[in-house]
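For reference, the structure is listed below as structure tokens.
Read the numbers this way: they start at 1 and go in the same order the structure lists the ligands and their atoms.
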Amino acid sequence: TKTNPVNKNQSKPVVISTWIHGMEANKTAWERLKVGDNALNAVEAGVRVTESDPKNRSVGIGGNPDAAGEVTLDACIMNHKSECGAVAYLKNIENPISVARKVMEETPHVLLVGQGALSFAIEQGFEKKDLLTEEAKADWIKWKESENQKKPEINHENHDTISMLAIDKEGNLSGACTTSGWAYKLPGRVGDSPIIGSGLFVDNEVGAACATGIGEAVIRISGSSTIVELMRQGKSPQEACKEAVNRILKKHKDHEGLQVGFLAINKKGEVGAYSSYYGFNYAY
Ligand code: ASP
């Protein structure tokens with residue numbers, strides 16, 4: 001295209017996503033990318049796989065509930081034209097990423113929350129579902145009866161968003177981010193994942209970045225947009241992710257349980273990742 005001249009050295013298409021659950025999600029995204037579909041369709045289709053997996057306890061159906069036992073979902077999506085859409089505190093909808101895309105495409109807004117987001121989803125033809133699985137409910141009951149309830153712990157193992165970034169054959173970038181958030185969070189809590197600039201950011205001139213981990217920490221440095229700006233200034237995706245993590249660590253006295261992880265991709269299709277804890281992985 002005019003704005004994105006094809007550079008023979010670029011590695012494209014590419015898709016990356018957070019955590020091991022990204023393997024299955026990437027497969028679906030790749031089916032789209034390899035036949036020349038655009039990055040937006042790829043990332044939406046990709047993360048829907050994780051949202052619809054009831055065994056996945058941190059995204060979509062089967063996600064861990066809030067402290068009141070309700071599954072509330074956050075998601076956002078952004079394309080190469082800097083168009084974006086998001087939903088937060090959305091209940092009873094299995095695929096919030098697709099509702100976020102509808103917000104982007106069918107409304108003049110960026111973010112719909114709570115009952116308004118649910119009414120909009122139903123108007124758009126999404127089906128209402130019970131998202132709390134028996135397994136998630138049993139664990140929540142155990143948590144309610146445990147000591148943890150009195151002092152909710154930050155646990156880097158109990159929340160794992162799927163965030164996905166892709167560059168398509170045309171060299172255009174898109175990203176998606178979707179989560180059930182922090183397990184047993186206070187009802188009404190929204191993290192970084194539906195916040196454009198925090199959980200996800202795409203600037204087609206430069207690159208894209210996305211986050212997983214403790215949303216409160218990611219928001220404090222506007223994580224994903226910060227990484228994109230660092231890449232604009234010349235940092236590699238890897239260096240940019242590392243600097244963002246270090247900024248977060250600098251702003252927190254207590255690093256115990258402070259899990260944050262970022263992924264980034266630039267216009268060449270180079271990728272990077274960095275996290276505050278060992279054991280962070282991503283799918284390429
Ligand atoms: N970032 C998500 C949130 O804070 C959770 C996660 O990635 O595990 O809601």
Could you list which atoms of ligand 1 come closer than 4.0 Å to a heavy atom of [X]?
X    : answer
G181 : 9 (O)
T161 : 1 (N), 2 (C), 5 (C), 6 (C), 7 (O), 8 (O)
D160 : 6 (C), 8 (O)
D192 : 1 (N), 2 (C), 3 (C), 4 (O)
S193 : 1 (N), 2 (C)

Are any of the N or O atoms of G191 closer than 3.5 Å to those of ligand 1?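 No - when backbone and side-chain N and O of G191 are compared with those of ligand 1, no distance drops under 3.5 Å.
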Do any N or O atoms from the side chain of [X] and from the backbone of [Y] form a donor-acceptor pair under 3.5 angstrom?
X    : Y    : result
Q259 : Y277 : yes
H255 : L249 : yes
T18  : S163 : yes

Give the minimum heavy-atom separation between E205 and R232, together with the two atoms involved.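 Here E205 and R232 meet closest at OE1-NH1, 3.5 Å.
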Ligand 1 versus T212, non-hydrogen atoms closer than 4.0 Å: side chain, backbone, both, neither?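 Both backbone and side chain.
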With a heavy-atom distance limit of 4.0 Å, tell me whether Q259 approaches ligand 1 through its side chain, its backbone, both, or neither.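 The answer is neither; Q259 stays 4.0 Å or more away.
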Distance (rounded to the nearest 0.5 Å) between S174 OG and L40 CG: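 The CG atom of L40 is 4.5 Å from OG of S174, to the nearest 0.5 Å.
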Charged N to carboxylate O below 4.0 Å: is that the case for R247 and E243?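 Judged by the 4.0 Å cut-off on N to carboxylate O distance, R247 and E243 do form a salt bridge.
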Sub-4.0 Å heavy-atom approach of K185 to ligand 1: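 False for this residue.
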Would you please determine whether S58 falls within less than 4.0 Å of ligand 1 on a heavy-atom basis?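 No, S58 has no heavy atom closer than 4.0 Å to ligand 1.
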Going by atom types alone, do N204 and N172 pair a side-chain donor with an acceptor below 3.5 Å?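 Their side chains do contain a donor-acceptor pair, which is all the 3.5 Å distance test asks for.
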